[in-house]
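Throughout, protein chains are lettered first and strands after them, A, B, ... in sequence-line order, and every chain is numbered starting at 1.
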Amino acid sequence: MFDDLRELYQEVILDHSKHPRNFRHPEDANHEAHGYNPLCGDTVNVYLKMGHNGLIEDAAFEGKGCAISLASASMMTEIIKGKTETQAKTIFDGFQKLVKGEDDNFDAGEDTERLMVLAGVKQFPMRVKCATLARHAMSSAMDGAEETSTE
Amino acid sequence: MFDDLRELYQEVILDHSKHPRNFRHPEDANHEAHGYNPLCGDTVNVYLKMGHNGLIEDAAFEGKGCAISLASASMMTEIIKGKTETQAKTIFDGFQKLVKGEDDNFDAGEDTERLMVLAGVKQFPMRVKCATLARHAMSSAMDGAEETSTE
Amino acid sequence: MNDMKTFDIEKVRADFPIFAREVHGRPLIYLDSGASAQKPTVVLDAVQKAYAETYANVHRGVHYLSQTSTELYEASRETIRAHMNAASIDEVIFTKNATESINLVAYSYGAANLKEGDEIILSTLEHHSNIVPWQLIAEKTGAVVKAVPIDEHGEFMLDAYLEMLGPRTKIVAVTHISNAIGTIVPVREVIDAAHDAGAVVLIDGSQAVPHMKIDMQALGADFYVFTGHKVFGPTGIGVLYGKAALLDKMPPFLGGGDMINRVTFEKTTFAKGHSKFEAGTPPIVQAIGLGTAIDYVNAIGFDKIAAHEQMLLAYATEQLSQINSLRIIGQAKHKAAIISFTLDDVHPHDIGTIVDRAGVAIRVGHHCAQPLMDHFDVAATARASFALYNNRADVDALVASIRDVQEIFG
Amino acid sequence: MNDMKTFDIEKVRADFPIFAREVHGRPLIYLDSGASAQKPTVVLDAVQKAYAETYANVHRGVHYLSQTSTELYEASRETIRAHMNAASIDEVIFTKNATESINLVAYSYGAANLKEGDEIILSTLEHHSNIVPWQLIAEKTGAVVKAVPIDEHGEFMLDAYLEMLGPRTKIVAVTHISNAIGTIVPVREVIDAAHDAGAVVLIDGSQAVPHMKIDMQALGADFYVFTGHKVFGPTGIGVLYGKAALLDKMPPFLGGGDMINRVTFEKTTFAKGHSKFEAGTPPIVQAIGLGTAIDYVNAIGFDKIAAHEQMLLAYATEQLSQINSLRIIGQAKHKAAIISFTLDDVHPHDIGTIVDRAGVAIRVGHHCAQPLMDHFDVAATARASFALYNNRADVDALVASIRDVQEIFG
Ligand SMILES: Cc1ncc(COP(=O)(O)O)c(C=O)c1O
Ligand SMILES: Cc1ncc(COP(=O)(O)O)c(C=O)c1O
């Protein structure tokens, strides 16, 4: 078996994909968006509860997808909860560069290590969209858009 | 210079193309047809006076065209005049095979020799349509069609 | 003739240069011919030669290269006519792919003949290329698109189809073989019934032509389309067969050079025959390559190709069925060598990524057949599709790589 | 940079394998690049390699070959974007030829925006491919097609054009360079005036792209089309550039795989960007070949190519002018290296046949520009068109072969 496969499908990722965190539809969510990957038909609905000063009080999702997209959605909801919109978007941008292999010095503060488990995606360019589907939908939810597609 | 060019552009052909016979519009023509070659824009109008029993009493034409198409039209009018429709069509068919190189034993009776001067066309497949434009228009005129095109 | 001993799979494989290469350090196991087929050396040579030795534009020239290029291009049309047993070369139109062929019929025949309330019958098996053009034209004309259902095995439901046919049915457009699950549709029955109802029929043969001999005069379809790249030919070329009687009455689709008779700003008249539908410089070299590809498969013989592929289908079905948690989607009685499957709990994209590392190329996704995916209530499947150059070792490699998937996903 | 000494014509000729061949026992003198250009070895190698080493269908696969094929295909789009200086790759759409590109705009933009009485302005210089699509769409929408006149030199009459523009003008579609007589149209002025009048502009760059550098952002055209085979690329590929703001609002043209977002029988939504207009399997390998061709000409440099071709144009014009009874049709001030001519009393088809026997390939006929032929009151002309690989010896051979014509016709 191949090292890069082992790196992609790390324990943490498989765990998040099998037992996604925040996999629910909070009743008090006030922002939501739908993400869709036309390549594989995967869908994700993200739900945010945005408080004062852009604080993300709750983040959750529902949807179908591959291990990478589920794990990515699951981890993202954990990470952005309690952050401000600006902080979240900075993390999204860094994450985007990380999985595209555009930035080797990824730094997302305390979340760096957690997100680094998804860095293996950069060896698999066709899977980058899986890793970023949730992040795009979350951005859209913050911006008020209703539907995003990775294409 | 090349032999096959000399054979194609024989004196007789150049003469017919420069001084086409029966180049006129007879007032008493009772059949006519328009021929058009979309490849070069050449046009020919043929006029026939058909008598009893399908006898071709007069044959004439007008039009623009290359040396081959003009010579062919000119010679055809001479040859079919005085023949019956059936005789003319037999000659047309034989002529068609001759210039396409499909028949080495061309026989059009007394007209064989005259038409053989156009046999050089068979070395020039792209020019076969030039040689047969008038013949197609004449067939159409006999059949009552109004417009033919070589394509 | 039908002697399998003379189908030498190693010799066939040697005809395809791509099998000399490795992928991720492993021999290439190519099980994605349903998406696009590999090309034999004879086709590549024909393409190279057409560019390097006899290239010029066609139809409009009297010079030697133009004439040669035209002859090669038109000879290819005749090859395809003969292969399909079309009645005349005027029934064989070159397009850029099967998708354009279908759109041509929708835009030309469809727009001219459909009225508000008329019905276009498709099936749940269709590829998007045989759905969307009809939806677009339905929207323009007020016609209605209906889909013949399929059963749980993925069989085309002939009875339901017969009941759907009626006086409003104007066009029936169905696939010959499903690209996603391999179902072979009983097109002969479909066509006869449609004709009885007074409808015209388009058959999407994109997946059929690589696997079986087709015969237009025996089949009786009004239109039949296929695409060059799936039948071992170049990309950029497709074929539309249409009955001359219909084509003659259809308005042109694309306007431009070569499809005209006479152009003035006041009035333009159109060419006759296949030319009316071939606007602009055609895919000259691609047509030449496609003719060569058709000659190649005919030299091997479709009886042998079909027997070889059915053997692979049976072997692969048997081997895959032994994998726990693997579910084969589509178990029609008559199938081409295409197997779609899912694994419990493992998404097809993850399957695709993992088997690729073992050199195994399969397709994962919706296969441009989302209504079919919806029918089976899956977003995507993994699909292994076979062609004449595959062998049993390819099946074994696929099975082994699926074990890798299971190992990773525990 | 602009040092002509570094344009080594013999080296350039050696890049094109076809010049190794003879025609009728004579060296090939190819003066028909206006109809289609020859291909350099680098393009043939790219095509061969794309089929033999990295071939698979694009966009839909996660396996290695599909990914590689997709990367090569999309890299080509970026090459073309950069070459045209388009603002984004979403403005670069691959079609099968220039004709399809124009039809796409007519069917999509035209059908959605034209109403009864609206005006489409073309010019008398146009190729049929930039006339017929507009006539077809005018017939469907009730719009009216008008043609800007040209003068006796074949010059586009800018004044007349400015007067024709008005509130009803919705679309202006003119050629950048006339394929039949070489006139270079002042497209910048045409575009600016059209924009002032509120019309959108399509420029047919089929004859311009092989001869000059183009810059979409400097030019400001709303749509710009060209065809691959004239710019040393494969057949079966064309390009449509369109401003993103317009493309985004346009309905799809061809429906099928790859141009969708989500398909159901109830409702289908479409992809964004260039994908919306690329239905079905694209001309994958042809796009790769075209990108290689564009890289090839850029490596030589358009300043050198243009200088070389203008030198040939001047030399050929001078030499041909010395032939009694030869009349050059089209003597615009700014011309590309295209010379149309007639000989008193000798029909162009006879000229073509005779010079061909001397190995000289020229085009004879109406050059798909019948309204232009009508303007000059000829049914056909003979046309010599030059490209970067032609040299002065080619001109001399042409002149000598015309002497043969005169000898035969006495
Ligand atoms: C000016 C012009 N426009 C359009 C075309 C059409 O190009 P194509 O036939 O490749 O579609 C051509 C060439 O034939 C041309 O010269
Ligand atoms: C059944 C079927 N129809 C149509 C198509 C469309 O072919 P193309 O993409 O070459 O136009 C395909 C393949 O993609 C197919 O499998």
Heavy-atom side-chain contact between C:V132 and C:L136 under 4.5 Å: yes

Given side chains that start at C-beta, do those of D:H128 and D:H366 come closer than 4.5 Å, heavy atoms only?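 D:H128 reaches D:H366 side chain to side chain.
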
Among the options [options], pick out the one with the most heavy-atom pairs lying under 4.5 Å from chain C.
options                       : value
D:G236, D:G257, D:A369        : D:G257
D:T264, D:I137, D:V62, D:L104 : D:V62
D:T281, D:V23, D:I284         : D:T281

Between C:Y64 and D:D356, which heavy-atom pair has the shortest distance, and what is it? N-OD1, 2.8 Å

Where D:S385 and D:G34 come nearest, the two heavy atoms and their spacing: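 Nearest pair, atom of D:S385 first, then D:G34: OG-N, 2.7 Å.
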
Is it the side chain or the backbone of [X] that comes within 4.5 Å of chain C heavy atoms, both, or neither?
X      : result
D:Y30  : side chain
D:I18  : both
D:I362 : backbone
D:P234 : both
D:V263 : both
D:Q135 : side chain
D:T41  : neither
D:M373 : neither
D:V58  : backbone
D:H367 : neither
D:R357 : neither
D:L254 : both
D:L28  : side chain

Polar contact flag, side-chain donor to acceptor under 3.5 angstrom, C:H63-D:D32: yes

Test item: side-chain donor near acceptor, D:E126 and D:S123, under 3.5 Å: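 Short answer, yes.
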
Region of [X] in contact with chain D, defined by heavy-atom distances below 4.5 Å:
X      : value
C:V47  : side chain
C:V145 : side chain
C:I131 : side chain
C:L44  : both
C:F19  : neither
C:L65  : side chain
C:I102 : neither
C:A37  : backbone
C:T54  : both

Might you confirm whether atom NZ of C:K140 has over 12 heavy atoms from other residues, nucleotides or ligands at distances under 6.0 Å? yes

Evaluate whether atom CD of D:E139 has more than 12 neighbouring non-hydrogen atoms of other residues, nucleotides or ligands under 6.0 angstrom away.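 Incorrect, the count does not exceed 12.
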
Pick from [options]: which one has the most heavy-atom pairs with chain D under 4.5 Å?
options                        : value
C:P282, C:A147, C:P251, C:G365 : C:A147
C:A287, C:A35, C:A56, C:A106   : C:A35
C:R262, C:K230, C:M259, C:H349 : C:R262
C:G352, C:P17, C:A361, C:S33   : C:A361
C:D45, C:V360, C:N97           : C:N97
C:Y107, C:W134, C:F270         : C:Y107

Between [X] and [Y] (side chain of the first, backbone of the second, donor and acceptor by atom type, cut-off under 3.5 Å), is there such a pair?
X      : Y      : answer
D:S129 : C:G280 : no
D:Y51  : C:T235 : yes
D:E278 : D:F94  : yes
C:T292 : C:V42  : no
D:S401 : D:L398 : yes
D:N103 : D:P133 : no

Apply the test side chain to side chain contact (heavy atoms under 4.5 Å, CB included) to residues D:R363 and C:N57: give CA-CA distance (whole Å), side-chain angles for both, the deciding distance (0.1 Å), then the verdict. CA-CA 10 Å; D:R363 184 107 334 200; C:N57 210 331; 4.2 Å; yes

Kindly indicate, with the supporting measurements, whether the criterion side-chain hydrogen bond (donor to acceptor under 3.5 Å, both in side chains) is fulfilled by D:T124 and D:H375. CA-CA 8 Å; D:T124 307; D:H375 170 83; 5.8 Å; no

When the aromatic ring centroids of D:F16 and C:Y55 are compared, is their separation below 6.0 Å? no

Supply the atom-to-atom distance D:L290 CG to D:H229 NE2, rounded to the nearest 0.5 angstrom.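 With rounding to 0.5 Å, CG (D:L290) is 11.0 Å from NE2 (D:H229).
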
